[in-house]
Asker: 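Handing you a structure now.
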There are 2 protein chains.
Amino acid sequence: MAHGIDDVARAAGVSTATVSRALRGMPNVSAKTREHVLSVASEMGYRASPLAAALASGRTHTIGLLTPWVNRWFFSNVIEGAERALREVGFDVLLYSFAVSENGRTPRVDPDVLRRRVDGILVVGLPLEDTEVRSLETLGKPIVFIGSGSSDHPIVGIDDVRLSVEAVRYLLSLGHRNIGHITGTPDDLRRWTPPVDRRQGWLTALEETGVAADPRWEEFGFFDIDGGKESARRLLERAPELTALFVASDEMAMGALLAARECGIRVPEELSIVGVDGHEISELVGLTTMSQPVVSQGATAAALVLDLIAGRPVDRRVVFDAELVVRGTTGPPREGVLRMGGPGL
Amino acid sequence: MAHGIDDVARAAGVSTATVSRALRGMPNVSAKTREHVLSVASEMGYRASPLAAALASGRTHTIGLLTPWVNRWFFSNVIEGAERALREVGFDVLLYSFAVSENGRTPRVDPDVLRRRVDGILVVGLPLEDTEVRSLETLGKPIVFIGSGSSDHPIVGIDDVRLSVEAVRYLLSLGHRNIGHITGTPDDLRRWTPPVDRRQGWLTALEETGVAADPRWEEFGFFDIDGGKESARRLLERAPELTALFVASDEMAMGALLAARECGIRVPEELSIVGVDGHEISELVGLTTMSQPVVSQGATAAALVLDLIAGRPVDRRVVFDAELVVRGTTGPPREGVLRMGGPGL
DNA sequence: CTGTTAGCGCCTTCAA
DNA sequence: TTGAAGGCGCTAACAG
């Protein structure tokens with residue numbers, strides 16, 4: 001039942017080398033020989049052992065997927081996209097979750113585990129320390145980052161500054177001027193660019209319109225629902241003049257919604273909220289958000305490693321567009337006074 | 001930089017066989033030889049090529065993880081648990097997502113892709129067709145199911161009937177008698193036991209109490225938020241006498257919450273809702289639910305395949321307990337009339 | 001306890 | 001275009 005390449009060679013009356021060439025679609029095989037070999041092989045149900053092939057050729061047809069979490073929205077969707085794209089072209093995906101150390105100084109990725117096991121590496125989400133990237137580079141395999149990464153390798157993501165400017169401009173166009181911001185940047189993740197860039201976009205959009213962003217209008221916290229809730233609570237108590245919130249992720253925005261509800265603040269009548277992500281649940285909660293394509297980012301990153309492996313030239317950076325999705329959590333500010341002359345979007 | 005086993009053998013002044021034995025902790029090596037080999041190897045930064053080792057030994061130290069989705073709550077959490085448990089003991093995880101065909105007749109898993117690549121298989125979530133299971137069995141490797149599976153292989157999961165009885169008993173103990181049920185069973189997933197069992201539990205608990213379950217009290221739909229919302233809308237319109245809903249998943253329950261809100265029905269004053277899962281978001285939405293340990297199920301399934309691989313005896317079925325978590329979506333029925341003499345929980 | 005010797009199943013020069 | 005033969009890097013009998 002489990003045939004080897006020489007069983008096929010014998011049955012087809014050719015050498016193993018010819019079988020190997022025919023099956024892999026190499027050019028130097030006559031059409032009729034190939035056809036014959038192919039039919040014999042399929043008749044026998046033959047499949048080359050990926051292990052043996054990898055050992056002999058040095059190519060594993062496997063991609064190592066490094067991720068801090070598999071059970072979080074952004075990550076699981078990227079993985080989904082990458083896995084499907086890779087499987088489609090016959091590549092396997094080895095899943096490696098690594099710890100997100102709070103103190104940030106424990107080495108989290110061990111290149112030796114990947115050595116001689118993969119043809120390329122995909123790093124999802126969290127940026128690695130320089131030393132970690134260097135150690136991965138010793139593998140001599142292509143590396144592609146998704147979401148946030150190292151400057152020396154291709155990265156696919158979104159333009160966080162731009163998208164944030166757009167979100168805040170939308171709020172400005174509704175008449176809001178007192179717009180707060182909730183972000184998340186634990187100390188050890190300073191190099192995680194999305195939150196930093198989103199904050200920058202918020203500042204930029206306000207400046208454009210001549211609004212001075214009061215430092216009291218921003219709040220830091222954890223990047224999940226709970227974190228958003230706590231941050232929003234503090235923010236709303238401290239700065240009651242705020243009529244709108246630009247929140248750096250949908251999950252935090254949902255937390256903000258909960259906080260508003262608990263404080264008895266009606267959304268959007270008294271407070272408008274815009275998130276970032278396009279989380280499925282946001283749709284059902286009616287959250288206005290900047291929606292980003294996540295599965296596509298995974299698929300694109302997969303295509304990039306494959307290009308790199310094949311020696312094709314690739315873009316150093318692929319940027320996806322985020323799209324403003326207006327839903328129920330945004331409206332004109334509570335004073336009902338639209339100050340004309342704003343940017344208008 | 002990339003040494004082979006014979007480099008180490010030469011450097012240590014022993015044979016490759018001894019190096020191999022020493023490094024793998026085999027018994028027949030003298031203590032001092034082992035120590036010496038180990039130190040030489042680590043000095044050289046040597047790691048055995050998993051590929052070559054697998055080819056020579058027939059053991060790949062890799063588990064194939066089959067799942068219909070990686071970006072859904074239950075699945076991503078099971079994967080997370082399994083991956084971490086496997087990596088801890090040096091096993092790799094090959095991720096295979098397979099299509100969930102709506103018509104149910106397209107073969108979704110191709111055993112040939114796994115042939116000679118894995119030592120064992122984990123199937124997460126959806127049950128496979130008998131033919132699919134048979135084809136996987138031709139690989140001759142242990143298979144473990146999580147959540148729902150085939151009778152011929154170990155399965156880890158929860159007792160859906162029991163948990164549902166408990167959930168409904170809780171509603172009964174609050175005084176509810178008109179308790180509806182929302183479930184999801186697309187036609188091609190008849191063999192997906194959780195929804196079937198949860199429905200059974202609902203029926204059983206009602207019967208115990210002498211309540212006749214009106215067929216109008218149950219509604220089928222899709223197993224996500226949207227599906228729950230639609231189902232709840234239909235149910236609430238059709239059977240206004242309902243004072244409580246037992247919903248077969250948290251996501252559907254969240255949909256039901258949305259539907260209630262849109263219909264102007266207050267929760268829990270006018271309608272109590274209980275879900276199943278223990279989804280993180282439910283916690284923040286304040287949903288009462290039967291919480292199941294999911295990461296643990298993944299980790300346990302991982303331990304089971306490892307046992308099977310090692311030839312250790314294993315339980316054919318590992319059942320985890322679900323736990324009632326009472327939060328804000330449940331309360332006494334709207335009439336405020338507690339009919340005494342109920343089961344009392 | 002240790003070394004020798006075949007493979008594991010395929011790919012890939014090199015000749016023909 | 002095809003075949004022969006030597007690895008890829010390690011494990012596992014079998015001797016010693």
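Worth knowing before you read on, the calculation uses all heavy atoms, side chains too, and leaves out hydrogens, waters and symmetry mates. Proteins get letters first, then strands, A, B, ... in listed order; numbering begins at 1 in each.
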Asker: Test B:Trp192 against B:Phe223 for ring-ring contact (aromatic ring centres under 6.0 Å, His included), laying out the working first.
Answerer: CA-CA 12 Å; B:Trp192 195 19; B:Phe223 229 86; 5.2 Å; yes
Asker: Once you build an axis from the first five pairs and another from the last five of the helix from C:dC1-D:dG16 to C:dA16-D:dT1, how far apart in angle are they, to 10 degrees?
Answerer: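 Axis-to-axis angle, ends of the helix: 30°.
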Asker: Listed by chain and number, what are the side-chain contact (heavy atoms from CB on, under 4.5 Å) partners of A:Pro154, not counting sequence neighbours?
Answerer: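 Only A:Val144, A:Leu304, A:Leu308, A:Val314 meet the side-chain contact (heavy atoms from CB on, under 4.5 Å) criterion with A:Pro154.
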Asker: Taking CG from A:Leu51 and P from C:dG9, how many angstroms apart are they, rounded to a whole number?
Answerer: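 For the pair A:Leu51 CG and C:dG9 P, the rounded distance is 10 Å.
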Asker: Output all residues satisfying side-chain contact (heavy atoms from CB on, under 4.5 Å) with A:Ala41, sequence neighbours left out; order by chain, then residue number.
Answerer: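 Testing A:Ala41 for side-chain contact (heavy atoms from CB on, under 4.5 Å), a comparison that skips the adjacent residues, returns A:Val8, A:Leu23, A:Tyr46.
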Asker: When you compare the side chain of A:Ser148 with that of A:Pro194, does any pair of heavy atoms fall below 4.5 Å?
Answerer: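 Of all side-chain heavy-atom pairs linking A:Ser148 with A:Pro194, at least one is under 4.5 Å.
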Asker: Can you tell me how far CD1 of A:Ile79 sits from CG of A:Leu122, rounded to the nearest 0.5 angstrom?
Answerer: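 A:Leu122 CG to A:Ile79 CD1: 10.0 Å, rounded to 0.5 Å.
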Asker: Measure from NE2 on B:His3 to C1' on D:dC10 and round the result to the nearest Å.
Answerer: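 In whole Å, D:dC10 C1' lies 17 Å from B:His3 NE2.
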Asker: Using a cutoff of under 3.5 Å, can you pull out all pairs of nitrogen or oxygen atoms linking the protein to nucleotides 3-5 of chain D, with atom names and distances?
Answerer:
| residue | atom | partner | partner atom | Å |
| --- | --- | --- | --- | --- |
| D:dG3 | OP2 | A:Ser15 | N | 2.9 |
| D:dG3 | OP2 | A:Ser15 | OG | 3.2 |
| D:dG3 | OP2 | A:Thr18 | OG1 | 2.7 |
| D:dG3 | N7 | A:Arg21 | NH2 | 2.9 |
| D:dG3 | O6 | A:Arg21 | NH1 | 3.2 |

Asker: What closest approach, in Å, do B:Leu95 and A:Glu83 show between heavy atoms, and which atom pair accounts for it?
Answerer: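 Taking B:Leu95 first and A:Glu83 second, the nearest heavy atoms are O-OE2, 3.0 Å.
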Asker: Looking at residues at least two apart in the chain, or sitting in another chain, which of them share a side-chain hydrogen bond (donor to acceptor under 3.5 Å, both in side chains) with A:Ser30?
Answerer: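 If we apply the side-chain hydrogen bond (donor to acceptor under 3.5 Å, both in side chains) test to A:Ser30, skipping adjacent residues, the hits are A:Thr33.
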Asker: Would you mind reading off the distance between A:Arg117 atom CZ and D:dC10 atom C1', rounded to a whole angstrom?
Answerer: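 Going from CZ in A:Arg117 over to C1' in D:dC10 covers 14 Å.
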Asker: Sequence neighbours excluded, which residues qualify as side-chain contact (heavy atoms from CB on, under 4.5 Å) partners of A:Thr60?
Answerer: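 For A:Thr60 the side-chain contact (heavy atoms from CB on, under 4.5 Å) partners, ignoring immediate neighbours, are A:Ala54, A:Thr62, A:Asp119, B:Leu51.
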Asker: Hey, does the side chain of B:Arg24 come within less than 4.0 Å of D:dA12's phosphate (OP1/OP2), counting only N and O?
Answerer: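 Answer yes for this pair, as a side-chain N or O of B:Arg24 is under 4.0 Å from OP1 or OP2.
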Asker: Any side-chain hydrogen bond (donor to acceptor under 3.5 Å, both in side chains) pairs touching residues 295-320 of chain A, not counting sequence neighbours?
Answerer: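 Non-adjacent pairs meeting side-chain hydrogen bond (donor to acceptor under 3.5 Å, both in side chains): A:Gln292-A:Gln297, A:Asp307-A:Arg312.
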Asker: With a 4.0 Å cut-off, would you call A:Arg117 and A:Asp112 a salt bridge?
Answerer: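 Here A:Arg117 does not pair with A:Asp112 in a salt bridge, since their nearest N and O are not under 4.0 Å apart.
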Asker: Using 30° and 60° as the class limits, which term best fits the ring planes of A:Trp69 and A:Phe75: parallel, tilted or perpendicular?
Answerer: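 Taking A:Phe75 first and then A:Trp69, their aromatic rings stand perpendicular (interplane angle over 60°).
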Asker: CD1 of B:Ile5 versus P of D:dG9: gap in Å, rounded?
Answerer: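 Answer to the nearest Å: 12 Å.
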Asker: I need the CG-C1' distance between B:Leu55 and C:dA6, as an integer number of Å.
Answerer: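 Atom-to-atom, B:Leu55 to C:dA6, this comes out as 13 Å.
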Asker: Rounded to whole angstrom units, what separation is found between the CG atom of B:Leu23 and the P atom of D:dT11?
Answerer: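 Taking atom P of D:dT11 as the reference, CG of B:Leu23 is at 8 Å.
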Asker: Heavy-atom contacts under 4.0 Å between residues 30-41 of chain B and DNA chain C, which residues?
Answerer: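 Per residue number, the list reads B:Ser30, B:Thr33.
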Asker: Contact list please: residues 56-64 of chain B against DNA chain D, heavy atoms, distance less than 4.0 Å, in numerical order.
Answerer: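 Heavy-atom cutoff 4.0 Å gives B:Ala56, B:Ser57, B:Arg59.
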Asker: Of the candidate nucleotides C:dG9, D:dT11, D:dC10, which contains the atom at the shortest distance from the side chain of B:Tyr46?
Answerer: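 Nearest listed nucleotide: D:dC10.
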Asker: According to side-chain contact (heavy atoms from CB on, under 4.5 Å), who are the partners of B:Ile143, at least two apart in sequence or on a separate chain?
Answerer: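 Per chain and number, B:Ile143 pairs via side-chain contact (heavy atoms from CB on, under 4.5 Å) with B:Ile121, B:Val123, B:Leu136, B:Glu137, B:Phe145, B:His153.
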Asker: Once ring pair (Phe, Tyr, Trp, His ring centres under 6.0 Å) is applied, do any residues pair with A:His36, and if so which ones, sequence neighbours excluded?
Answerer: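 Not a single residue meets the ring pair (Phe, Tyr, Trp, His ring centres under 6.0 Å) criterion with A:His36.
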Asker: The criterion is side-chain hydrogen bond (donor to acceptor under 3.5 Å, both in side chains); which residues satisfy it with B:Glu80, sequence neighbours excluded?
Answerer: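 Checked B:Glu80 against side-chain hydrogen bond (donor to acceptor under 3.5 Å, both in side chains); matches are B:Arg84.
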Asker: Round to a whole Å and report the spacing from CG of B:Asn28 to P of C:dT2.
Answerer: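 Computing the B:Asn28:CG to C:dT2:P distance gives 9 Å.
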Asker: To the nearest Å, how far apart are B:Asp6 CG and D:dG7 P?
Answerer: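 Nearest whole value for this atom pair: 13 Å.
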